[in-house]
Student: 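Sharing a structure here in structure tokens format.
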Amino acid sequence: MPRRGVDYERLRLVSEYNHLYKRGRRAYGQLVVVFGQKKPQGGLPRLGVSVSRKVGKAVVRNRTKRFLRESFWAFLSEIPSGWDIVICARPLIASASFSEVRGEVKRAFGRLFRAN
RNA sequence: AGAGCAGGGAGGGCGGCCGCUGGCGCGUUUUUGCGCGCUGGAGGAAAGUCCGGACUCCGAAGGGCAGGGCGCUGGGUAACACCCAGGAGGGGUGACCCUACGGAAAGUGCAACAGAGAGCAGACCGCGAAUUCGCUUAUUUAUAGCGAACGCAAGGGUGAAACGGUGAGGUAAGAGCUCACCAGCGGCCCGGGUGACCGGGUCGGCUUGGUAAACCCCGCCCGGAGCAAGACUAAACAGGGGGGAUUGAGCGCUGCCCGCGCGAGCCCCCGGGUGAGUCGCACGAGGCGCCGGGCAACCGGCGUCCCAGAUAAAUGGCCGUCGCCCGUUGAGCGUGAAUCGCCUGCGGGAACAGAAUCCGGCUUAUAUCCCUGCUCUGACG
RNA sequence: GCCCUCAUCGUCUAGUCAGGUCUAGGACACCGCCCUUUCACGGCGGCGACAGGGGUUCAAAUCCCCUUGAGGGCG
């Protein structure tokens, strides 16, 4: 398995999230909504995760975020470089297992990158 | 063996691969950063935010009113609405459990419906051969009967609640009207206890209801906001518009007053910009062990340990194995027979729940398992 | 994270502070009947709620405590 410690970064600024929500490309699923856009300057792919209180309590939200990050790392090699990704959880994800979440993210990524 | 009471504890272990995050060291790099190694990384409730503090700012934390909280006694504590010990009342056969448990003869208020009457109460049915009047019998009186006035509150009935209970005397009928005992209230005295209170004696008037999680009275406590508090650095926008007040105005920490402070340019609203980083931020009323004091909560001494610190926010994913629980396979074993236990194979399950300034409590949620002490019932000895 | 507010028929609300005439009132909606040739309007009647649990009280939508669910503010 190739080493993948370095090859992504995290989104940290509120303005970057808002920019993706307004300008980014979207892919809707039952459990998640994925926003994405290619940065003009390129670089490493960056991930942001958003889980609102509507999803559930703190335990559920934390588990959901871990599932989403784990899914992102699983398909990191399929993401073209220079993309910013935000994965938003939808309320139904609270009762899903990890394999279901991973499948959802895989399908959403497929739709998101299909045009490229 | 069954049922139960009280207290305490655990909240899966080990290993592999891939990852996340804090610290330290080394290497590399102009720096940000990156790599490697070592090491730390959720809970008993981290939760609800219901109390109490620490801490920070508001002026140095002042006074009064208003407002809020608490409420048997003694102790513990930084503090508490918490904890410990005790008292009283109530519940349970019992082990034990529960209690916002000051004051209703300081005052005000409230009590629907029903009922005669609901707070210095009242008379519907009823009771009444005393007293007065009328009528009937009747010459009149007496007697008897009926009705009314009047007297009474024992009995019936209403209600959540009806102004002590039982017995005797008393009376026309009755009534603490009188007496005995009992219950309850108040005063005084004696004894025990730090105290709440307990035990006993004596005297008194004969009884004086409920509600204070209604207002209130009494005693004690509380200034307000909250780490998104607050301090600093950097960057950026603007140097704007409207209004107020104009000399003891205005402002300064909830409402008012006093007091105090600032005080010539101030205040309020609108609009605009940045919304990045450092500190606060983890050594503390700290954990563990031993000894001593105390019934206990807890306190003191000594030794030892450093044990999460993010900021779109860290503990996860996959797998192996052992242990636990549930279901099930087996002409297996205890065993003679099992629905009981053990072994074996297969399948499934493992709760409540995730630190965000930090502590002490309370409350609520919690699969399963373990330990200690005690009670009741049944059987056997 | 910290600090607040609210919860009543299907919907919007009155009543809550000062507990009792509350088997909780009104409007819209819904159902049935009347009116009309029919629909609408109008009239009459009906259905239908105190978020859940406990406590105080003779008595709780109202007072107190806990839980649950919505909504808001603070950098």
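What you see is a predicted model, and the numbers here were worked out from it, not measured in a lab. Just so we're on the same page: letters track the sequence lines, and every chain starts at 1.
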Student: Under a 3.5 Å cut-off for both distances, is B/C279 Watson-Crick or wobble paired, and to whom?
Tutor: B/G230

Student: Nearest-Å distance, CZ (A/R63) to C1' (B/A313)?
Tutor: 18 Å

Student: Write down the partner of B/G378 under the Watson-Crick or G-U wobble criteria, each distance required to be under 3.5 Å.
Tutor: none

Student: How about A/W83 and A/R25: do any of their side-chain heavy atoms sit closer than 4.5 Å?
Tutor: yes

Student: Does a side-chain heavy-atom distance below 4.5 Å link A/L68 with A/I93?
Tutor: yes

Student: State the syn/anti category of B/A355 according to its glycosidic angle, syn meaning within 90° of 0.
Tutor: anti

Student: For the P atoms, the ones on B/G261 and on B/A245, what distance do you get once it is rounded to whole angstrom?
Tutor: 28 Å

Student: Both A/N62 and A/L11 contact RNA chain B. Taking the nearest nucleotide for each, which residue is further toward the 5' end?
Tutor: A/L11

Student: Does B/G44 adopt a syn or an anti glycosidic conformation, taking syn as a chi angle within 90° of 0?
Tutor: syn

Student: With a cut-off of less than 4.0 Å, is there a side-chain N or O of A/R10 near OP1 or OP2 of B/U21?
Tutor: yes

Student: In whole Å, I'd like the distance from the CZ atom of A/R102 to the C1' atom of B/G317.
Tutor: 9 Å

Student: Quick check on B/G176: syn or anti? Syn means the glycosidic torsion is within 90 degrees of zero.
Tutor: syn

Student: With a 4.5 Å limit on heavy-atom distance, are the side chains of A/V105 and A/F72 in contact?
Tutor: no

Student: In whole angstrom, give me the gap between the C1' atoms of C/A49 and C/A14.
Tutor: 13 Å

Student: Is it the case that the side chain of A/R63 and the backbone of A/A94 share a donor-acceptor pair, with hydrogens and angles ignored and the cut-off at 3.5 Å?
Tutor: yes

Student: Counting only side-chain N and O atoms of A/K65, is one of them less than 4.0 Å from OP1 or OP2 of B/A312?
Tutor: no

Student: Taking atom C1' of B/C318 as reference, at what distance in whole Å does atom CZ of A/F98 sit?
Tutor: 9 Å

Student: Just so I know, are the side chains of A/F98 and A/E70 near enough to count as touching, which here means a heavy-atom distance under 4.5 Å?
Tutor: yes

Student: Determine which nucleotide pairs with B/A81, using a 3.5 Å limit on both distances of a Watson-Crick or G-U wobble pair.
Tutor: none

Student: Does the structure show a Watson-Crick or G-U wobble partner for B/A66, both distances under 3.5 Å? Name it, or say none.
Tutor: none

Student: Return whichever of A/F67 or A/K57 has its heavy-atom-nearest nucleotide of RNA chain B closer to the 5' end.
Tutor: A/F67

Student: Rounded to the nearest angstrom, tell me the gap between atom CZ in A/R61 and atom P in B/U315.
Tutor: 15 Å

Student: Can you tell me the base-pairing partner of B/G354? Count Watson-Crick or G-U wobble geometry only, both distances below 3.5 Å, and say none if there is no partner.
Tutor: none

Student: Syn or anti for B/C307? Use the chi torsion, O4'-C1'-N9-C4 for purines and O4'-C1'-N1-C2 for pyrimidines, with syn inside 90° of 0.
Tutor: syn

Student: Can you tell me if A/R10 uses its side chain to pair, donor with acceptor, with the backbone of A/V49 under 3.5 Å?
Tutor: no

Student: Counting side-chain heavy atoms from C-beta on, which of B/G317, C/G1, B/G354 comes nearest to A/R53?
Tutor: C/G1

Student: Let's test this: given Watson-Crick or G-U wobble pairing with both distances under 3.5 Å, identify the partner of B/C181.
Tutor: B/G165

Student: With heavy atoms under 4.0 Å as the rule, sort A/Y17 into base, sugar-phosphate or nothing.
Tutor: base

Student: Does OP1 or OP2 of B/A313 have a side-chain N or O of A/R69 closer than 4.0 Å?
Tutor: yes

Student: Would you measure the distance from the P atom in B/G13 across to the matching atom in B/U29 and give it in whole Å?
Tutor: 45 Å

Student: Going by ring centres under 5.5 Å and near-parallel planes (under 30°), is A/W73 stacked on B/G19?
Tutor: no

Student: What is the pairing partner of C/C2, taking Watson-Crick or G-U wobble pairs with both distances under 3.5 Å in any strand?
Tutor: C/G73

Student: Using the P atom on both, measure B/C120 against B/A88 and round to a whole Å.
Tutor: 37 Å

Student: Which whole number of Å gives the distance between the P atom of B/A85 and that of B/G349?
Tutor: 46 Å

Student: For A/R66 and B/U315, is the shortest distance between a side-chain N/O and OP1 or OP2 below 4.0 Å?
Tutor: yes

Student: Say we look at B/G300 and B/A6: how far apart would their P atoms be, to the nearest angstrom?
Tutor: 34 Å

Student: Without decimals, in angstroms, what is the distance between A/F72 CZ and B/G317 C1'?
Tutor: 16 Å

Student: Report the glycosidic orientation of B/U208: syn if within 90° of 0, anti in every other case.
Tutor: syn

Student: Would you check if A/S50 and A/F35 make a side-chain contact, meaning some heavy-atom pair closer than 4.5 Å?
Tutor: no

Student: Across all strands, who's sitting opposite C/A60 as a Watson-Crick or G-U wobble pair, both distances under 3.5 Å?
Tutor: none

Student: Could you give the distance separating B/C17 and B/U39 at their P atoms, to the nearest angstrom?
Tutor: 15 Å

Student: Any chance you could measure A/R102, atom CZ, to A/L31, atom CG, to the nearest 0.5 Å?
Tutor: 14.0 Å

Student: For B/G176 and B/C182, measure between their C1' atoms and round to the nearest Å.
Tutor: 15 Å

